[in-house]
Amino acid sequence: MTYPDRPRQDGPGYDDGSWPSSDAAWTPSQQGGGHPAHAGAAYTAPPPAPHAPAPTVYPERAPASTVSAPAASPEQGAAAETPASRAKPGRDRYLDLLRAVALVRVVVFHLFGWAWLTVLFPSMGVMFALAGSLMARSLARPAGSVIRSRLRRLLPPMWAFSLIIVPVMFALSWKPVREEGLWWFIKLGSYLFPLGSPPFPEESGSTGGWLELSWADQAAGPLWYIRAYLWFVLASPLLLKAFRRLPWVTLLAPIGLTAVIGTGLVTVPGTFGEGLVDFAVFGSCWILGFAHNDGLLKEIPRYLAVSSAAIVMGFGLWWASGHLTEEGWNLDEIPLAQATWSLGFCAILLVYAPSWQKLPGRLAGWDSLVTLANNRAVTIYLWHNLLLMAAAHLVDQLWSVPWFGDTFDTYIEQSYEVLILIAIWPLIGLAILAFGWVEDVAAKRRPRLWPNGAGRTRGA
């Protein structure tokens, strides 16, 4: 199963969740068709042809998110008392920086499809660990109110996204599957409350058009992270109680579950099976966030924590080496390797976690972008797949520009992916302006077009 970087705060003007990304490769490099089993499926555009716009085609993905992001669902939380009170109040900019890096890594991975990025920085594991820490902090309040608040912050941005893509699917001749009967309409409800995977047409649009045949598959891809985040939010009150009673058993139980259902030893069919695998693969990262919030990681000698994490990561690489896929070392496609590598990686990040009230040194120059990414993590994660497709089409138009296309056709072809990487960020900025305010409305805040903290800084 492939996991697109999926990604998801306390303090004024921030969401209190961590986001994502999907780790499915979006690779403008080969032709193909089909659909990803996970949101954030690999996007593949064909090699551009000189003197003519190159059509964009999306290859079939192996069954599978980052996110990057995300990301989902954020909520503003008050500083918790009890174990959570050990942390300093206010924003932890180290965690904010990790979330922003995870989102960027998701976008880059989906564009270039470099499998080694899933080893270098497992964005989804990081996002779930950060979200688990924030969830444990929030659960110092009554569980019912915390869950309602998280759902309120998570679902409206997804509804705004669905309100755009679902009508377009129907306008392009998508129809209910007669053989599924009423069940098809029940599955359609996942666009409102994503307990399961939402349906979408495997082929929609037209070859060579602005909406390619697999655009719906790409658009619905990131929704897997929303589903996984929702499962964790609903389960967190019980998970937190179990963790505080039996911390190590609870922390490692998802790894054992992954070894059973993520390796093919036992197969759980259907979308429930997909959701259960995601829950198992990233469950230990989520619960590791509980350990970070409760200060448990500080009670373990650092040398012991790091050496144990290294052993777990080593097992993950060993397992991956014997189960490489067509994409090579893409841990998104190797559940047990993903689960163990992400757990060890996140443990080291949190064991060495500083507590930054401000970004130090040269990192301070990135403060406004880190703030913007955290405030708009859900928006960035939901829309980035569609925006990558749009960026590819924009770059294709360079061949149609008189004189320019003929003169620089070779350079355009050689720097095709880099040009898409340049084009995607302004498009993400436009998406933030157009849809990001929904995150503020969901959080019961005054809508803001560009919440990068600049006004707060000037007023300080």
Side-chain angles (χ1 to χ4, degrees), residues 3-8 15 17-24 26 36 38-41 43 64-75 99-100 102-111 123-124 127-128 131 150-169 190-194 197-200 211 215-230 233 278 372-391 424-425 427-443 447 451:
Y3 303 90
D5 269 7
R6 332 152 192 191
R8 331 0 113 358
D15 291 326
S18 118
W19 261 92
S21 51
S22 68
D23 265 359
W26 183 99
H38 256 84
Y43 171 86
S65 165
T66 101
V67 158
S68 234
S73 80
E75 169 195 350
R99 185 173 299 111
L103 283 170
V104 172
R105 206 283 276 158
V106 168
V107 174
V108 172
F109 177 77
H110 288 174
L111 171 58
S123 286
M124 298 320 303
M127 297 306 298
F128 281 114
R150 290 299 176 95
L151 295 182
R152 188 189 71 238
R153 293 167 184 273
L154 173 67
L155 296 179
M158 190 197 77
W159 293 340
F161 179 75
S162 300
L163 191 62
I164 301 295
I165 68 167
V166 174
V168 174
M169 291 178 189
S190 294
Y191 284 104
L192 297 177
F193 197 78
S197 300
F200 52 84
L211 290 176
W215 78 269
D217 184 6
Q218 301 297 319
L223 297 180
W224 80 265
Y225 178 84
I226 306 293
R227 178 195 64 205
Y229 191 97
L230 178 62
V233 166
D278 290 339
L372 180 66
N374 278 268
N375 276 319
R376 292 295 180 256
V378 182
T379 299
I380 294 170
Y381 181 72
L382 285 175
W383 289 94
H384 79 275
N385 258 9
L386 281 175
L387 297 179
L388 281 170
M389 289 185 261
I424 185 63
W425 304 114
L427 293 179
I428 287 177
L430 291 175
I432 288 173
L433 292 173
F435 306 106
W437 57 270
V438 178
E439 295 191 52
D440 291 327
V441 173

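We count residues from 1, following the sequence as given. All values derive from a computational prediction rather than experimental measurement. All heavy atoms count here, side chains included; hydrogens, waters and symmetry mates do not.
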Legend entry - Rounded distance [0.5 Å steps], CD1 in Ile428 versus CG in Leu433: 12.0 Å

Inset, instruction - To the nearest 0.5 angstrom, please state how far the CD atom of Gln218 sits from the NE2 atom of His384. - result: 9.0 Å

Inset, instruction - May I ask you to test the Ile165-Leu386 pair for a side-chain heavy-atom distance under 4.5 Å? - result: yes

Inset, instruction - Of all the heavy-atom pairs spanning Tyr191 and Met158, show the shortest one and how long it is. - result: O-CE, 2.8 Å

Legend entry - side chain to side chain contact (heavy atoms under 4.5 Å, CB included) involving Ser190 - partner list, sequence neighbours excluded: Pro198

Legend entry - Test of ring centre spacing under 6.0 Å for Phe161 and Tyr381: no

Legend entry - Considering all heavy atoms, the nearest Met169-Ala216 contact: CE-CB, 3.8 Å

Inset, instruction - For residues Leu103 and Ala373, report the shortest heavy-atom separation together with the two atoms involved. - result: CD1-O, 3.8 Å

Inset, instruction - Using ring-ring contact (aromatic ring centres under 6.0 Å, His included) as the criterion, list what pairs up with Phe435, not counting sequence neighbours. - result: Trp383

Legend entry - Non-hydrogen atoms of Ala220 and Phe200 that approach each other most closely: CB-CD2, 3.6 Å

Legend entry - Contact summary for Thr379 and Ala431, nearest pair of heavy atoms: CG2-O, 3.9 Å

Inset, instruction - Determine yes or no for a side-chain-to-main-chain donor-acceptor pair under 3.5 angstrom, with Glu439 supplying the side chain and Pro157 the backbone. - result: no

Inset, instruction - Check Leu430, Leu387, Val107 against Trp425 for a side chain to side chain contact (heavy atoms under 4.5 Å, CB included) and give me the one that passes. - result: Val107

Inset, instruction - Supply the atom-to-atom distance Asn375 CG to Ile380 CD1, rounded to the nearest 0.5 angstrom. - result: 9.5 Å

Legend entry - Atom pair CG (Leu154) and CD1 (Ile226), whose distance is rounded to the nearest 0.5 Å: 5.0 Å

Legend entry - From CG (Leu155) to CG (Leu192), nearest 0.5 Å: 9.0 Å

Legend entry - Partners meeting side chain to side chain contact (heavy atoms under 4.5 Å, CB included) with Leu211 (sequence neighbours left out): Val168, Leu172, Trp215

Inset, instruction - Inspect the contact between Arg376 and Asp440 and indicate whether a charged nitrogen and a carboxylate oxygen are less than 4.0 angstrom apart. - result: yes

Legend entry - Rounded distance [0.5 Å steps], CG in Leu382 versus CD1 in Ile164: 12.0 Å

Legend entry - Side-chain heavy atoms of Pro194 within contact of Leu230, under 4.5 Å: yes

Legend entry - Asp278 side chain to Ala228 backbone, donor-acceptor under 3.5 Å: no

Legend entry - Which residues share a side chain to side chain contact (heavy atoms under 4.5 Å, CB included) with Pro156, sequence neighbours left out: Trp159, Val438, Ala442

